[in-house]
Amino acid sequence: MNILMAGIDFHKADVAQREPFSLTAAALARTLRQIRWQPGVDECLLISTCNRTELWVCGNQTDGTALSPVKLLCEARGLDETGYLPYFTVRQGMDAVRYLCELASGIHSQIFGDDQIISQVKNALHIAREEHCAGTVLEVLFRTAVTAAKKVKSSVLCSAVDRSVAAAVLRLLQEQHISVAGKPCLVIGNGEIGRLTAANLEQAGGKVTMTLRQYKHRDTVIPAGCSVIPYEDRYKRLGDFQIVVSATTSPHHTLVAEQVRSVLKQETVFLDLALPRDIEPEVRTLPLAALFDMDCFSSLTQQAEERQLAAVRAVLTEFEEEFETWYSFRQYIPAVQQISKLSGKETAARLKKELRSYPLSDSEQEVLLRKIQNTSAKVVSNILFGLREELGENALEESFRALSDSAKRLQK
């Protein structure tokens with residue numbers, strides 16, 4: 001199985017080590033295209049979130065040896081792989097398939113059962129598809145993982161507790177004995193995480209203000225109860241807030257230490273939910289500031305009970321085995337298509353003479369013959385696909401060789 005992945009995430013790398021691999025939407029698309037045209041790469045896909053960056057590849061080098069996804073990613077980012085190798089985990093074959101199904105289900109997230117990871121996996125496939133980098137193998141693999149994760153969410157991790165990063169903000173504040181009720185809060189960023197965080201802070205009793213860039217004014221939905229200030233005025237108003245959250249996709253800092261120092265008037269808690277980081281790390285050295293970044297959420301990772309994990313893996317096993325069966329059978333798909341097509345044509349040809357005895361016009365006969373041909377082909381195709389559940393690999397290979405040879409007689 002020529003599926004490989006390499007990932008750098010919070011398990012081995014802190015936020016500073018992950019940061020060089022964090023990708024904006026434009027950089028992600030550009031990096032995908034660059035990797036796709038490397039020798040031996042048939043398909044590729046990138047997952048980039050605040051906790052991880054992963055490169056998924058399907059292909060082999062010209063000499064048949066496995067590709068190095070770490071090398072491919074580092075070269076695309078202009079980085080020396082030697083310094084980053086210790087922070088990467090590489091998986092291949094069914095090990096990679098199992099991991100992806102678990103990842104999409106949220107059991108490898110900083111927040112156990114993270115609700116947002118499914119949409120992040122779906123979005124990664126969407127972008128790879130848009131850039132013409134995902135082919136049949138990664139398409140089927142990622143769709144299988146998403147379907148498996150949805151089954152896990154509905155049948156195992158169906159708790160009403162919101163496990164997203166936005167919800168974890170409140171748990172982190174509680175852990176630090178920081179009350180939200182009645183406090184002025186600023187949320188920088190009005191993407192999904194920013195909006196969810198603002199809504200959660202408002203529901204917890206905070207007096208929430210969100211920044212809004214002028215060019216996005218008409219396209220943004222502000223959570224009920226929250227007020228708005230222009231993004232450009234964030235420093236002017238910063239001293240008025242006791243809790244400040246930044247969650248943007250900006251490649252630049254939204255808050256710089258020196259400018260924060262000049263306006264800070266009271267003890268303020270800063271929470272940076274972005275990667276690359278929104279808030280300059282030096283902010284944590286300021287006398288009135290406390291800064292928490294994504295690595296601080298590791299302490300909130302909920303350890304699932306062994307019973308729950310066993311239930312999750314039982315669900316995923318079914319989908320993993322389904323993909324493995326599809327992958328091993330895919331080499332026979334051209335033969336299935338050929339045999340089915342020939343069978344359909346032969347059936348229609350044999351019935352053509354019989355149809356002349358019926359009161360049908362020539363055009364009606366043609367329509368009926370096409371339907372007979374297509375239906376016959378589908379029936380044969382379904383029978384042939386069913387062989388994968390009845391025969392082992394060796395028997396399948398022998399059977400399809402014989403079937404293909406036999407079907408060729410229909411062409412004579």
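Bear in mind that the values here come from a model prediction, so they are computed numbers and not experimental data. Along the sequence shown, the residues carry numbers beginning at 1.
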Any side-chain hydrogen bond (donor to acceptor under 3.5 Å, both in side chains) involving residues 374-387? Give me the pairs, sequence neighbours left out, ordered by first then second residue. Thr347-Ser376
How about Asn2 and Tyr327: does a side-chain donor come under 3.5 Å of a side-chain acceptor? yes
Please walk me through it: do Thr49 and Asn51 pass side chain to side chain donor-acceptor pair (under 3.5 Å)? CA-CA 5 Å; Thr49 74; Asn51 292 326; 5.1 Å; no
Measuring only between side-chain heavy atoms, which start at C-beta, is Tyr84 closer than 4.5 Å to Leu73? no
Sequence-distant partners of His108, ring pair (Phe, Tyr, Trp, His ring centres under 6.0 Å), two or more places apart: Tyr99
Under the 6.0 Å and 45° cation-pi test, does Arg356 pair with Tyr358? no
To the nearest 0.5 Å, atom OG of Ser343 lies from atom CG of Leu403 at 9.0 Å
Could you tell me whether Glu175 and Arg171 make a salt bridge, using a distance below 4.0 angstrom between a side-chain N and a carboxylate O? no
Any carboxylate oxygen within less than 4.0 angstrom of a Lys/Arg side-chain nitrogen, looking at Arg213 and Glu232? no
Can you tell which of Leu186, Val245, Asp293, Val260 makes a side-chain contact (heavy atoms from CB on, under 4.5 Å) with Phe270? Val260
With sequence neighbours excluded, give me every side-chain hydrogen bond (donor to acceptor under 3.5 Å, both in side chains) pair touching residues 124-136. Arg33-Glu131, Arg129-Glu139
From Leu275 atom CG to Ser48 atom OG, the distance as rounded to the nearest 0.5 Å: 7.5 Å
Taking salt bridge (charged side-chain N to carboxylate O under 4.0 Å, His left out) as the cut-off, I'd like each qualifying pair that reaches into residues 321-335, sequence neighbours left out, listed once. none
Pairing residues for Arg30 by the side chain to side chain donor-acceptor pair (under 3.5 Å) criterion, not counting sequence neighbours: none
Contact list for residues 270-283, test side-chain hydrogen bond (donor to acceptor under 3.5 Å, both in side chains), sequence neighbours left out: Glu19-Arg277, Ser246-Asp278, Thr248-Asp278
Are Leu55 and Val57 close enough that some pair of their side-chain heavy atoms sits under 4.5 Å apart? yes
Answer yes or no: is there an ion pair linking Arg36 with Asp42, defined by an N-O contact shorter than 4.0 Å? no
